[in-house]
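First up is the structure itself, then whatever we jot down about it.
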Amino acid sequence: MIIIITNTNLGTGTETSGRADNRAFDELRKMKIEAGVLERADGSAYLEIGGNKVLAAVYGPRELFVRRLMQPNKAVLRCKYNMAPFSVDDRKRPGPDRRSVEISKIASEALTPAVFLEKFPRSTIDVFIEVIEAEGGTRCAGITAASVALADAGIPMRDMVVACAAGKSDGKVILDLSEVEDKEGQADVPIAIMPRTGEITLLQMDGNLTEEEFEQALDLAINGCKIISEKQKAAIKNRYGDE
Ligand code: UDP
């Protein structure tokens, strides 16, 4: 489902909020995005935000050999999210689990509306999201990196999907929860949008918020997405700027 939201309030990043890392309530963690970091993938990106380090690799469009998945009139976009065993404090057991299957699914659903899949019938576009270090917000970091990798692969897209979370911790509605704010907090609302139109392609909520708090969180997350979107564009420009 796609919801259209038009919201333009931009966070100031100036009010203090007593957050553990001294960020303002509407401030993102420090971040960087680089496109084209892998030699052998068709497209790739590396993203850091706070303590998260995420790689995304794209292969395709290429022939899809699994006949039951094949779509006669369009490509399928498949995502695989994986967390490295060393990415978290308690070693993560290698291999897929419920959480990684869920995040793979929602990442695929968040990215799909942006891609002109109908240009590549009977094909697949494969997106791999590898979390090397995790510190809260890896699904959003993964989706944001994957969009840059898709653009780097030259896949035709309506827009570059961008993701960011807001939520509630210590009773306050805040942007871009860190791991401790996520674990000790009251709610987490990760979203993904297509910034040009404002269409929301992912909206999840874990925890409890009042209607008013939910709207505040949504506003914050949308504004966070807009800031990150500029960094995505800069990453692609840096990669291809001189060509
Ligand atoms: N996490 C962890 N071990 C795990 C899964 C998650 O330590 O097996 C941490 C990690 O820092 C992650 C955070 O918990 O970023 C929040 O996880 P969640 O499932 O909410 O997804 P995310 O916020 O990363 O999208």
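In listed order, ligands and their atoms are each counted from 1. Sequence positions, counted from 1, serve as the residue numbers for this chain.
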Exercise for review: Just do the side-chain hydrogen bond (donor to acceptor under 3.5 Å, both in side chains) check on Thr210 and Glu212 with the steps written out, would you?
Suggested key: CA-CA 5 Å; Thr210 64; Glu212 195 187 334; 5.3 Å; no
Point to revise | Minimum heavy-atom distance Arg196-Asp159, with the two atoms named | key: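 Distance-wise, the nearest heavy atoms are N-OD2, 2.6 Å.
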Point to revise | Minimal non-hydrogen separation, Ile49 against Ala141, with atom names | key: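 In terms of heavy atoms, the two residues are closest at CG2-CB, 4.1 Å.
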Output side-chain donor-acceptor pairs under 3.5 Å for residues 62-70, partner residues at least two apart or in another chain, one line each.
from, atom 1, to, atom 2, distance (Å)
Arg62, NE, Asp126, OD2, 3.2
Arg62, NH2, Asp126, OD2, 2.8

Review point. Charged N to carboxylate O below 4.0 Å: is that the case for Lys53 and Glu34?
Key: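 Answer for the salt bridge query: no.
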**Study point:** Carboxylate-amine/guanidinium contact Glu102 Arg139, below 4.0 Å
**Key:**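 Counted as a salt bridge, because a side-chain N and a carboxylate O are separated by less than 4.0 Å.
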Review point. Which protein residues have a heavy atom under 4.0 Å from ligand 1?
Key: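 Met83, Val88, Arg99, Ala134, Glu135, Gly136, Gly137, Thr138, Arg139, Glu179, Asp182, Lys183.
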